[in-house]
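The next block holds one structure in the form of structure tokens; read it before the comments.
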Amino acid sequence: MTDKTVYIISGPTAVGKSLISYYLAKRIGGEVVNCDSIQLYKYMDIGSAKPSEREMGAVKHHLYSLVEPDDNMTVARYREMALETIDDILSRGKTPIVCGGTGLYLNSILYDMSFADSEADEERRAELEELAEKNGNEYMHQYLEALDPEAAARIHPNNLRKIIRAIEAFEYGKGVLDLSECSMNPNYDFRFIVLNMEREWLYERINKRVVRLIKLGLVEEVSSLLDKGYDPSLPSMKGIGYKEIIGYLNGEYDLVDAEELTMKNTRHYAKRQITWLKRYDFARWVEIHKGETVGDIVDRILDYYG
RNA sequence: GGCGACAUAGCCAAGUGGUAAGGCAGAGGUCUGCAAAACCUUCACCCCCGGUUCAAAUCCGGGUGUCGCCU
């Protein structure tokens, strides 16, 4: 371990990232830094499966419950906060343990990404969305092609969201860059662990977790968010578990359907996360087997990097 | 036992003579400012046997199975 060592504990949802990070932190005197887009929000504790009070009390946890659910979060802001937090932890002689499965946020720490030249502008975005509404995806894709052919070539014509972002980015600066043009963040020595387990077992855990979250009061949590006035269209409220419960509360289907939908969407999410994480050829994959204790897994993580 | 209906992918399902829609699930993938988001790719010789026909998931006969009704 060096004085710039930063652990990253990632993996699909429900593999046990939080628990393992917690034990790892206890073992090496680390502090946990959240890298989960939904756990960043306040009042969204049950649905986002944040670490328990006890865990948060025993080990320092950063960037949890930080912003209001209607806050306009972006990767750029996340990056800023995360790097600041990591530097602070290092300056106190502790080891940061970045824990989470939001791939884009992970990238923002891992790579020397620059967001400075492409500010997001609400008004311009609304304009572009309207233009798209009127003329369709194909039109927007051609529009982008005229501005930034390279970006257009990378973005599928149906992916309107990315097309609009690329147009914005182009108008503000150098456009949307490809990650391959970035180098690794040179300020840290990363120890990047991807936790994984047999697909079937993971799906089983996901299903059980959804049942548990509902038992713990997810429905109440969601209705209290709605009572506070948070709009279902907010990105935070589109989180898995939240949007499905909102549908139930609106009478679109019953609770059993909401539960099944949540399970399904969580499974899909886990799969996308695994796909994303495969890109990091420098990551060490730790396969968790049934019957292993958290201690065993932490041992293996520590052994990995000698 | 009789009569009738149906049998298409893991599930739902379209197709009634011209070489198997679609949805869901599953699998794989893309990714620099909404990322728990957005988007893409992929997945069947149509219950079995025989017949008619240039051509059958589609028509005919016989099996088998499921469902319904009757006795």
Side-chain angles (χ1 to χ4, degrees), chain A residues 12-14 34-41 44 47-50 67 69-81 100-122 124-126 128-129 132 137 140-141 148 150-151 153-183 185 199-200 203 206 209-210 213 231 233-245 257 260-280:
Chain A
T13 186
N34 172 42
C35 188
D36 178 299
S37 64
I38 302 291
Q39 292 182 345
L40 238 29
Y41 296 109
M44 307 184 82
S48 73
K50 283 179 196 163
V67 303
D70 58 357
D71 197 303
N72 180 32
M73 263 315 294
T74 64
V75 210
R77 279 183 62 208
Y78 174 79
R79 176 178 151 94
E80 207 175 306
M81 295 191 296
T102 300
L104 182 63
Y105 288 8
L106 240 30
N107 273 1
S108 78
I109 295 175
L110 249 13
Y111 297 95
D112 227 356
M113 295 171 82
S114 155
F115 298 103
D117 291 327
S118 52
E119 194 78 17
D121 177 335
E122 299 275 325
R124 183 56 184 151
R125 180 169 291 182
L128 289 170
E129 274 165 1
N137 295 356
M140 295 307 282
H141 193 252
D148 188 345
E150 273 175 45
R154 281 202 308 262
I155 301 172
H156 187 98
N158 282 350
N159 204 342
L160 186 62
R161 190 120 137 198
K162 283 192 178 174
I163 293 171
I164 289 180
R165 169 89 269 269
I167 294 171
E168 274 175 16
F170 180 83
E171 290 175 344
Y172 274 87
K174 36 186 176 182
V176 172
L177 299 170
D178 193 78
L179 191 67
S180 62
E181 294 163 42
C182 288
S183 49
N185 188 330
R199 188 69 57 92
E200 213 177 305
Y203 283 3
I206 286 171
R209 170 143 108 182
V210 171
L213 297 183
D231 195 274
S233 67
L234 290 166
S236 59
M237 299 293 270
K238 293 236 180 80
I240 298 168
Y242 293 93
K243 59 169 178 284
E244 294 84 354
I245 295 294
D257 291 336
E260 275 168 13
L261 244 184
T262 304
M263 289 175 182
K264 184 178 80 183
N265 289 334
T266 309
R267 276 183 258 129
H268 288 169
Y269 175 49
K271 201 162 115 51
R272 267 179 279 132
Q273 286 178 300
I274 293 168
T275 298
W276 178 287
L277 292 165
K278 281 181 192 161
R279 66 166 63 197
Y280 303 119

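Side-chain atoms are counted along with the backbone in the values below, which use heavy atoms only and exclude waters and symmetry mates. A note on names: the letters A, B, ... follow the listed sequences, proteins ahead of strands, and every chain is numbered from 1.
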Exercise for review: Would you mind reading off the distance between A:W276 atom CH2 and B:U32 atom P, rounded to a whole angstrom?
Suggested key: 7 Å

**Study point:** Dot-bracket line, read 5' to 3' along RNA chain B, where crossing pairs take [ ] and | marks a partner on another strand, Watson-Crick or G-U under 3.5 Å
**Key:** ((((((((.[[[..)..(...]]].(((((.......)))))....[[[[[..)....]]]]]))))))).

Practice item. Determine the contact category for A:G241: base if any of its heavy atoms lies under 4.0 Å from a base atom, sugar-phosphate if only primed atoms, P, OP1 or OP2 are that close, otherwise nothing. Key: nothing

Check your understanding: Does the side chain of A:N158 get closer than 4.0 angstrom to OP1 or OP2 of B:C40 through an N or O atom?
Key -> yes

Practice item. Take atom P in B:C34 and the same atom in B:C45, then report the distance between them in whole Å. Key: 44 Å

Exercise for review: Can you tell me the distance, in whole Å, between the CE atom of A:M113 and the C1' atom of B:U32?
Suggested key: 4 Å

Practice item. May I ask you to check whether A:Y280 and A:N107 show a side-chain donor-acceptor distance below 3.5 Å? Key: yes

Exercise for review: Grab the CD1-P distance between A:I38 and B:C34 for me, whole Å please.
Suggested key: 13 Å

Check your understanding: From A:R125 CZ over to A:I167 CD1, what is the distance, rounded to the nearest 0.5 angstrom?
Key -> 11.5 Å

Check your understanding: What distance, rounded to whole Å, do you find between the two C1' atoms, one in B:C59 and one in B:G22?
Key -> 27 Å

**Study point:** Length of the CZ-P vector between A:R279 and B:G29, whole Å
**Key:** 12 Å

Exercise for review: Would you please name every residue forming a side chain to side chain contact (heavy atoms under 4.5 Å, CB included) with A:E80, sequence neighbours left out?
Suggested key: none

Check your understanding: Whole-Å distance between B:A38 P and A:H268 NE2?
Key -> 13 Å

Practice item. Side chain of A:R267 only, please: which of B:U32, B:G26, B:U30 is the nearest? Key: B:G26

Exercise for review: Check every strand shown and say whether A:K162 touches a base, only sugar-phosphate, or nothing at a heavy-atom separation below 4.0 Å.
Suggested key: base

Practice item. Report yes if a side-chain nitrogen or oxygen of A:Y203 is closer than 4.0 Å to either non-bridging phosphate oxygen (OP1 or OP2) of B:A27; otherwise report no. Key: yes

Practice item. Please evaluate the base of B:G26 for a donor-acceptor partner in the side chain of A:K271 within a cut-off of under 3.5 Å? Key: no

Check your understanding: Is A:R199 near enough to B:G28 that one of its side-chain N or O atoms lies under 4.0 angstrom from OP1 or OP2?
Key -> yes

Check your understanding: In whole angstrom, what separates A:H156's NE2 from B:C39's C1'?
Key -> 7 Å

Study note, to complete from the structure: Between A:T102 and A:L177, the residue closer to the 5' end of RNA chain B by nearest nucleotide is A:L177

**Study point:** Distance, rounded to the nearest Å, where A:R154 contributes CZ and B:U30 contributes P
**Key:** 14 Å

Practice item. Could you check whether A:N265 gets within reach of a base, just the sugar-phosphate, or nothing at all, counting any heavy atom under 4.0 Å? Key: nothing

